[in-house]
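Both counts, for ligands and for their atoms, begin at 1 and track the order of listing.
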Amino acid sequence: MSFFTSLTKRSLSQTAAMSAAIKNVTVIGSGLMGAGIAQVAAQTGHSVTMVDIDEVAVTKAQKRISDSIQRVAKKKFGGEVEEATKFVSESVARLTTSTDAVASVSSADLVVEAIVENLDVKKKLFAELDKAAPSHTIFASNTSSLSIAKIADATTRKDRFGGLHFFNPVPVMKLLEVVRIPETSQDTFEAMRDWGKAMGKVTVECKDTPGFIVNRLLIPYLMEAVRLMERGDASAKDIDVAMKLGAGHPMGPLELLDYVGLDTGKFILDGWHENDPDRELFQPSPLVDKLVTAGKFGVKSGEGFYKYDKK
Ligand code: CAA
Ligand code: NAD
C-alpha cells in the first residue's frame with residue numbers, strides 16, 4: 001500500500017515537473033544583462049523573445065549577441081567551422097525581438113525581467129504583464145538588489161514569482177542565484193532552478209535578502225575601493241592592479257564597477273542606503289554620484305573611472 005502511494009506520488013510529481021519544463025522564454029530588457037540572458041537561452045535550445053522599450057537598444061543588443069555567440073562557438077567547436085556555423089545560425093533563429101512587452105508574453109512559460117534597477121518601474125511592468133500572460137507563466141526578476149517580494153506585490157501570482165539573478169557577462173559567468181519569496185511554490189522554485197541548469201549554470205538558492213549572496217559581499221567591497229580613491233589613499237590604477245595581482249581577481253574593483261555600470265551600482269547603493277541610512281557601508285559616494293550625473297556610466301557609455309570605445 002505504502003509502495004503504491006509513493007509510486008503514485010512520484011509519477012505525479014514527475015508529470016508536474018515535465019509539464020513545468022520551460023520552453024518559451026520572454027526576456028524584458030535588452031541591455032547588458034537582458035541580451036546575455038536571451039543569448040544563453042537561445043543557445044541552449046529555448047525559443048526566446050527579447051523585448052526593450054528602446055528600439056536602438058534592441059539593435060545594439062543584436063550586434064552584441066552576434067559578436068558574443070561567435071566567441072562562444074569558437075570556444076565550443078574550435079576549428080570545426082561547419083558545426084560552429086550551425087550552432088550560431090540555429091541559436092540566432094530561436095531569438096526574436098520586440099518592443100511590445102505585453103504582446104510578447106502571450107505564450108511565455110517564463111518571463112525574465114532585466115530592465116532598469118528601479119522598483120516602481122519594475123512593478124508597473126509586472127502589473128501590466130500579469131494581466132496579459134497565461135496563468136501558468138512564471139515571472140522572475142534579475143534585480144541586483146531590490147526586494148523580490150516588493151516587485152511581486154504588483155502581481156496576482158506570487159506563487160509563480162521568484163528571482164533569477166545572473167552575472168555579467170552572462171555567457172561566461174557560471175553562477176545563477178535562484179531566489180524564492182515565502183509565497184513561491186515548490187513547483188515554481190524547481191522549474192526556475194531546472195531552467196537555470198538547462199541554461200548550463202550552476203545554481204545556488206538564496207532567500208529574498210538584500211543583494212542575495214554575491215552582491216551583499218561584492219557591492220560593499222566595490223564601494224570601499226571607491227572610498228579609498230575618494231580619500232586620495234591610492235589611484236584607480238593602483239587599486240585595480242593591487243586587487244588583480246594581490247588577490248587574484250580577474251578585474252580590479254573600479255574596472256568591475258565600470259563593467260557592471262556605475263548607474264546600476266548607484267541604484268543598488270541608493271536603495272540600500274534608503275532602507276538602512278545609518279549603515280556606514282551603504283553611504284552614497286559623491287564621486288559615483290558625480291560620474292553618473294555626468295552620464296559617465298562606465299564601459300556602456302564610453303567613460304567611467306576609465307575611458308572606453310563606445311559600445
Ligand atoms: N561573450 C562570450 N564570451 C566571452 C565574453 C562575452 N561577452 N566575454 C569574454 N568571453 C570569453 C572569451 O571568449 C574568452 O574565452 P577563452 O578563454 O576561451 O579565450 C574568455 O571569456 C576570457 O575573455 P577575454 O580574454 O576577452 O578577457 P578576460 O580574460 O579579461 O575575461 C571576463 C573577461 C570574463 C569578463 C573577466 O575579466 C571576469 O571574469 N571579470 C569579472 C566579471 C565579474 O565579476 N562579473 C560579475 C559582476 S557582478 C554582477 O554581475 C552582479 C550584479 O548584480 C551587479
Ligand atoms: P542596462 O541599462 O544595460 O539595460 C536596461 C535596459 O532596460 C535598457 O535597454 C532599457 O531601454 C530597458 N528598459 C528600461 N525600462 C524598460 C521597460 N519598462 N520595458 C522594457 N525595457 C525597458 O541595465 P543592465 O545592466 O542590463 O541591468 C538590468 C537589470 O539587471 C537591473 O535590474 C540590474 O540591477 C540587474 N543586473 C545587472 C548586472 C550588471 O552587471 N549590469 C548584473 C546582474 C543583474
For ligand 2, is there an N or O atom under 3.5 Å from any N or O atom of V260? yes

Report the part of S144 in contact with ligand 2, treating N, CA, C, O as backbone and CB onward as side chain, heavy atoms under 4.0 Å; options are side chain, backbone, both, neither. both

If you take all heavy atoms of S144 and T264, which pair is closest and at what distance? OG-CG2, 4.3 Å

Looking only at heavy atoms, what is the nearest atom pair of T143 and K122, with distance? CB-CE, 4.1 Å

Taking T155 for the side chain and A127 for the main chain, is one N or O donor matched with an acceptor at less than 3.5 Å? no

Can you tell me which residue pairs pass the ring-ring contact (aromatic ring centres under 6.0 Å, His included) test with a partner in residues 276-295, sequence neighbours excluded? W272-F282

Where on I268 is there a heavy atom closer than 4.0 Å to ligand 2, on the side chain, on the backbone, on both, or on neither? neither

Between R64 and L32, which heavy-atom pair has the shortest distance, and what is it? NH2-N, 3.7 Å

Subset of ligand 2 atoms that lie under 4.0 Å from at least one heavy atom of N168: 40 (O)

Answer with yes or no whether K122 contacts ligand 2, where contact means a heavy atom under 4.0 Å from a ligand atom. yes

Salt bridge (Lys or Arg N to Asp or Glu O under 4.0 Å) partners of residues 203-223, not counting sequence neighbours, each pair once: R180-E205

For atom NZ of K197, decide whether the heavy atoms of other residues, nucleotides or ligands shown that lie under 6.0 angstrom number more than 12. yes

With atoms numbered from 1 as shown, which atoms in ligand 2 lie under 4.0 angstrom from a non-hydrogen atom of D54? 11 (O)

For the side chain of D52 and the backbone of A57, is there at least one donor-acceptor N/O pair under 3.5 Å apart? no

List every atom of ligand 2 that sits less than 4.0 Å from any heavy atom of A57, numbering the atoms from 1 in the order shown and giving each element. 9 (O)

Angle class for the F126/F139 ring planes (parallel below 30°, perpendicular above 60°, tilted otherwise)? tilted

Does this structure show an ion pair linking E117 with K266, if we count only N-O contacts that are shorter than 4.0 Å? no

For ligand 2, does T264 get within less than 4.0 Å through its side chain, its backbone, both, or neither, judged by non-hydrogen atoms? side chain

Are any side-chain N or O atoms of N142 and backbone N or O atoms of E113, one a donor and one an acceptor, separated by less than 3.5 Å? no

Does any N/O atom on K300 come nearer than 3.5 Å to any N/O atom on ligand 2? yes

Shell of residues surrounding ligand 1, defined by a 4.0 angstrom heavy-atom cut-off that is strict: S68, R71, V72, K75, S144, H165, F167, N168, P169, P171, V172, M173, N215, L218, P250, M251, L256, Y259, V260

Look only at the side chain of K201 and the backbone of M173, and say whether a donor-acceptor pair between them is shorter than 3.5 Å. yes

Between N24 and H46, a side-chain donor and acceptor under 3.5 Å: no

Write out the residue and atom name of the closest protein heavy atom to atom 15 (N) of ligand 2, then the distance separating them to 0.1 Å. I53 CD1, 3.6 Å

For L32, take its heavy atoms, then give the atoms of ligand 2 lying under 4.0 Å from any of them. 3 (O), 25 (O), 26 (O), 41 (N)

Taking atom 5 (C) of ligand 2 as the point of reference, which of S301, A114, G34, G29 owns the nearest heavy atom? A114

Identify which one of D187, V111, L110 satisfies the side-chain contact (heavy atoms from CB on, under 4.5 Å) criterion when paired with I138. L110

Does ligand 2 come near enough to H165 that some N or O of the ligand is less than 3.5 Å from an N or O of the residue? no

Among all protein non-hydrogen atoms, which one is nearest to atom 8 (C) of ligand 2, and what is the separation to 0.1 Å? D52 OD2, 3.5 Å

Considering only the protein, which heavy-atom contact is closest to atom 4 (O) of ligand 2, and what is its distance? G31 CA, 3.2 Å

For T143, counting its heavy atoms only, list the atoms of ligand 2 lying under 4.0 Å from any of them. 32 (O)

Test your reading of the structure: does L125 have an N or O sitting under 3.5 Å from an N or O of ligand 2? no

Contact check: M33 vs ligand 2, nitrogen or oxygen atoms, below 3.5 angstrom: yes

Using the test salt bridge (Lys or Arg N to Asp or Glu O under 4.0 Å), find all partners of R227 that sit at least two apart in sequence or belong to another chain. E224

For ligand 2, note which part of K124 has a heavy atom under 4.0 Å away: side chain, backbone, both or neither. neither

Taking atom 32 (O) of ligand 2 as the reference point, the nearest protein heavy atom with its distance: E117 OE1, 2.5 Å

With a 4.0 Å cut-off on heavy atoms, is F166 touching ligand 2? yes

Pick, from I115, V170, N118, the option with the minimum heavy-atom distance to atom 7 (O) of ligand 2. I115

Return yes if some donor-acceptor pair links the side-chain N/O of Q283 with the main-chain N/O of P277 below 3.5 Å, else return no. yes

Close approach of G261 to ligand 2, heavy atoms, under 4.0 angstrom: no

I'd like to know if the side chain of T203 reaches the main chain of R193, judged simply by a donor and an acceptor atom lying under 3.5 Å from each other, with no hydrogens or angles considered. no

Please report the C-alpha distance between S91 and Q43 in whole Å, then the side-chain angles of each, then the deciding distance to 0.1 Å, and finally whether the side chain to side chain donor-acceptor pair (under 3.5 Å) criterion is met. CA-CA 5 Å; S91 301; Q43 275 171 211; 5.9 Å; no

In the protein, which heavy atom is nearest to atom 30 (O) of ligand 2, and how far is it? N142 ND2, 3.0 Å

